[in-house]
Protein chains: 2
Amino acid sequence: MAQPILEVRHLRTLTALRDTGSLSRAGMLLNLTQSALSHQLKALEDHFGLPLFTRKSTPLQFSPAGLRLLQLADSVLPQLASAQRDINRLAQGSSGSLRIAVECHTCFDWLMPAMDQFRERWPEVELDIVSGFHPDPVALLHQQRADMAIVSAVDEGEAVAIHPLFEFEIVALLANNHRLCAQERLQPSDFVDETLISYAVPDEMLDLVRQLLAPAGIRPARRTTELTIALLQLVASGRGIAALPLWAVHSYLQRGYISARPIADGLTGRLYATTLEGPTPRPYLADFVDIIRASCFVSLPDIRLL
Amino acid sequence: MAQPILEVRHLRTLTALRDTGSLSRAGMLLNLTQSALSHQLKALEDHFGLPLFTRKSTPLQFSPAGLRLLQLADSVLPQLASAQRDINRLAQGSSGSLRIAVECHTCFDWLMPAMDQFRERWPEVELDIVSGFHPDPVALLHQQRADMAIVSAVDEGEAVAIHPLFEFEIVALLANNHRLCAQERLQPSDFVDETLISYAVPDEMLDLVRQLLAPAGIRPARRTTELTIALLQLVASGRGIAALPLWAVHSYLQRGYISARPIADGLTGRLYATTLEGPTPRPYLADFVDIIRASCFVSLPDIRLL
DNA sequence: CTCCTTTATGAATATCGCTCATAGTAATCG
DNA sequence: CGATTACTATGAGCGATATTCATAAAGGAG
């Protein structure tokens with residue numbers, strides 16, 4: 001009643017605004033432009049005749065009215081989601097399974113929190129990580145051994161649905177006293193006489209090799225390990241160079257444990273979730289993609305949603 | 001999350017559907033066409049892949065999924081309304097007053113329940129009925145002695161905002177053994193030798209006189225009283241004819257206390273709420289109009305919303 | 001069976017939310 | 001202090017889609 005201006009979309013915008021701290025970042029989270037949100041909020045403020053938050057200063061400050069609406073959103077949005085899931089359950093009577101195949105080792109950092117959120121929302125869905133190492137996670141989809149594969153590159157023509165997640169910068173990691181630290185950035189040729197420290201995966205699954213070194217015909221020595229912390233220790237002790245996503249090593253860099261340099265004019269890694277495109281598009285799969293995107297965007301520094 | 005198909009509008013539709021028992025009546029309540037609701041619900045059902053209610057049979061039956069959504073609506077819509085009102089209060093810091101001037105005596109029947117609902121929602125607004133008899137309630141608006149006037153006709157050119165409420169049939173009321181009961185319907189000429197029993201208001205405020213008798217130059221004897229029940233007693237004891245809204249005497253007719261006949265080819269009364277069109281359109285005024293329309297539509301038989 | 005009320009459906013319309021392009025505004029830095 | 005960068009505001013135009021209109025179909029009541 002009393003003029004039905006308020007819509008679900010407004011509530012979503014407000015929570016995104018709180019989570020991200022700015023209109024433009026909130027827009028990325030919602031897959032909308034900054035302009036859309038600006039218009040949207042202006043309409044609300046015009047309608048109520050008072051400001052919902054103050055734009056100047058990051059993170060922005062909510063006004064009492066804004067806080068009241070946030071409180072509403074925090075109460076309403078979960079109820080809405082919960083009702084939607086109940087209906088979906090009624091519809092396809094079912095539980096189901098979400099077995100996740102991962103190609104990139106660092107992914108566990110963000111996958112765990114996302115899985116926790118998912119478990120809360122879809123308790124009846126059997127949730128698992130397909131264990132062991134798999135050179136081709138997408139193959140697991142077709143073999144019905146996984147329901148979702150997280151990959152960093154997708155072949156055209158694979159008969160799967162692709163859900164882009166996010167992209168990020170991959171940086172070279174050096175010991176603080178490494179001679180290459182003198183350079184502002186590293187070029188492919190700098191890797192010639194170095195040892196490349198990485199996870200135990202085939203060459204072509206490393207973005208650095210696939211995107212830069214292989215095209216340049218450079219094949220540095222490789223040394224592998226399974227744990228991120230072990231990998232960083234090798235780097236710190238001068239055994240070689242590693243290349244990892246910036247977000248994966250952000251905390252180590254801040255503490256000065258090792259040093260980072262951009263590679264070429266910026267090496268960009270991307271991540272995608274892939275699923276079989278079945279006749280019954282199980283709603284919890286799409287939901288999990290949303291959860292990943294949202295939770296990564298707020299917790300991983302410097303990533304850009306795709 | 002999980003496809004944001006569900007909107008506030010859908011929840012409103014569902015509650016209206018429950019309150020009215022049919023798509024077409026729900027449409028009237030929401031100021032939408034039956035077609036709109038049909039499309040809207042079909043979209044929902046298509047999306048979820050299951051029916052929300054069964055159309056055959058009145059009143060319609062909700063499915064489990066429909067009931068789940070109704071439960072959601074019952075939880076969410078009040079929260080939404082409450083938040084809106086909180087914001088409005090923050091905006092105009094204020095309480096305010098709603099003094100209602102009434103021209104038509106029968107209006108008290110539905111005004112009281114509507115006022116009760118209003119009091120619950122806007123506890124800080126001072127709510128009153130302007131007491132005493134007022135030949136021109138609209139004048140009270142301009143004199144700042146009332147905030148809303150309920151009238152059955154509005155002069156063009158009055159500088160007030162007009163909020164149409166509903167329309168209804170006015171019927172002639174006769175003693176069960178009255179000679180005119182023999183007729184299927186009453187014509188203006190039938191009133192010539194009769195006594196017209198009514199509330200103590202000027203001729204021109206009675207729809208019967210204004211719309212039919214005065215144009216025909218007929219001025220029957222008048223007898224007045226203040227209470228509806230007293231008026232009906234006079235009719236039942238053969239002292240004359242009355243003309244009242246069908247909804248006002250519905251229960252008496254069902255019990256056979258008196259008889260009713262249509263007048264001419266249907267005498268239609270209409271009711272409007274009028275307010276001053278101020279620079280600050282106080283939101284609780286519009287809300288009260290909504291409350292009136294909704295509560296009357298579900299509680300008064302045979303009325304049509306305007 | 002017929003009348004009357006209700007619902008369904010497809011096409012046309014109108015609304016309105018979003019994007020695009022661009023300007024304005026702070027804060028940061030050499 | 002001008003330059004740069006990041007964020008927000010704004011108006012025009014587009015596109016999606018909710019709604020209406022016109023009409024058919026389907027029950028229920030008498």
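Atoms CG (B:Leu44) and P (D:dT19) sit 11 Å apart, rounded to a whole Å. Atom C1' of nucleotide D:dA18 and atom CG of B:Asn31 are separated by 15 Å, given to the nearest angstrom. Rounded to a whole Å, the NZ atom of A:Lys42 is 8 Å from the P atom of D:dG11. Between the CG atom of B:Leu60 and the P atom of C:dT6 there is a distance of 11 Å, rounded to whole Å. The NE2 atom of B:His10 sits 12 Å away from the C1' atom of D:dT19 (whole-angstrom rounding). Taking atom CE of residue B:Met28 and atom C1' of nucleotide C:dT5, one finds them 10 Å apart after rounding to whole Å. Atom CZ in A:Phe53 sits about 11 Å away from atom C1' in D:dA9, given to the nearest Å. One atom, CG of B:Leu17, and another, P of C:dT6, lie 13 Å apart when rounded to the nearest Å.
Here B:Ser299 pairs with nothing under the side chain to side chain contact (heavy atoms under 4.5 Å, CB included) rule; sequence neighbours left out. Partners of B:Arg18 by side chain to side chain donor-acceptor pair (under 3.5 Å), not counting sequence neighbours, listed by chain and number: B:Asp74. Take A:Asp190 and apply the side chain to side chain donor-acceptor pair (under 3.5 Å) test, not counting sequence neighbours, and it matches A:Gln183. Partners of A:Thr106 by side chain to side chain donor-acceptor pair (under 3.5 Å), not counting sequence neighbours: none found. The side chain to side chain contact (heavy atoms under 4.5 Å, CB included) check on A:Leu32 picks up A:Leu30, A:Ala36, A:Leu37, with sequence neighbours excluded. Residues that satisfy the side chain to side chain donor-acceptor pair (under 3.5 Å) test with A:Gln211, not counting sequence neighbours, are A:Asp207.
Within the structure, no pair that satisfies the salt bridge (Lys or Arg N to Asp or Glu O under 4.0 Å) test touches residues 247-267 of chain A, not counting sequence neighbours. The list of salt bridge (Lys or Arg N to Asp or Glu O under 4.0 Å) pairs with a residue in residues 295-306 of chain B, not counting sequence neighbours, reads B:Glu167-B:Arg304. Among residue pairs with one or both ends in residues 43-54 of chain A, those qualifying as salt bridge (Lys or Arg N to Asp or Glu O under 4.0 Å) are A:Lys42-A:Asp46, A:Glu45-A:Arg55; sequence neighbours excluded.
Comparing B:Ser24 and A:Arg9 by the nucleotide of DNA chain C whose heavy atom lies nearest to each, the residue mapping closer to the 5' end is B:Ser24.
Panel note: side chain B:Arg270, backbone B:Leu165; no donor-acceptor pair is recorded below 3.5 Å.
Using a 4.0 Å cut-off, some side-chain N or O of A:Arg55 falls inside it from OP1 or OP2 of D:dA9. Between A:Arg25 and D:dC7 there is no side-chain N or O to OP1 or OP2 distance below 4.0 Å.
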Filtered N/O pairs between nucleotides 28-30 of chain D and protein, under 3.5 Å:
none

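To the nearest 0.5 Å, atom CG of residue A:Leu29 and atom CZ of residue A:Arg25 are 9.0 Å apart.
Across its full length, the helix from C:dC1-D:dG30 to C:dG30-D:dC1 shows an angle of 30° between the axes of its 5 terminal pairs at either end, rounded to 10 degrees.
With C:dT9, C:dT7, D:dA18 as the choices, the nucleotide that has an atom nearest any side-chain atom of B:Leu23 turns out to be C:dT7.
Near DNA chain C, meaning a heavy atom under 4.0 Å from it, residues 32-40 of chain A has A:Leu32, A:Thr33, A:Ser35, A:Ala36, A:His39, A:Gln40 in order of number.
Residues B:Phe166 and B:Trp110 place their aromatic rings such that the two centres sit under 6.0 Å apart.
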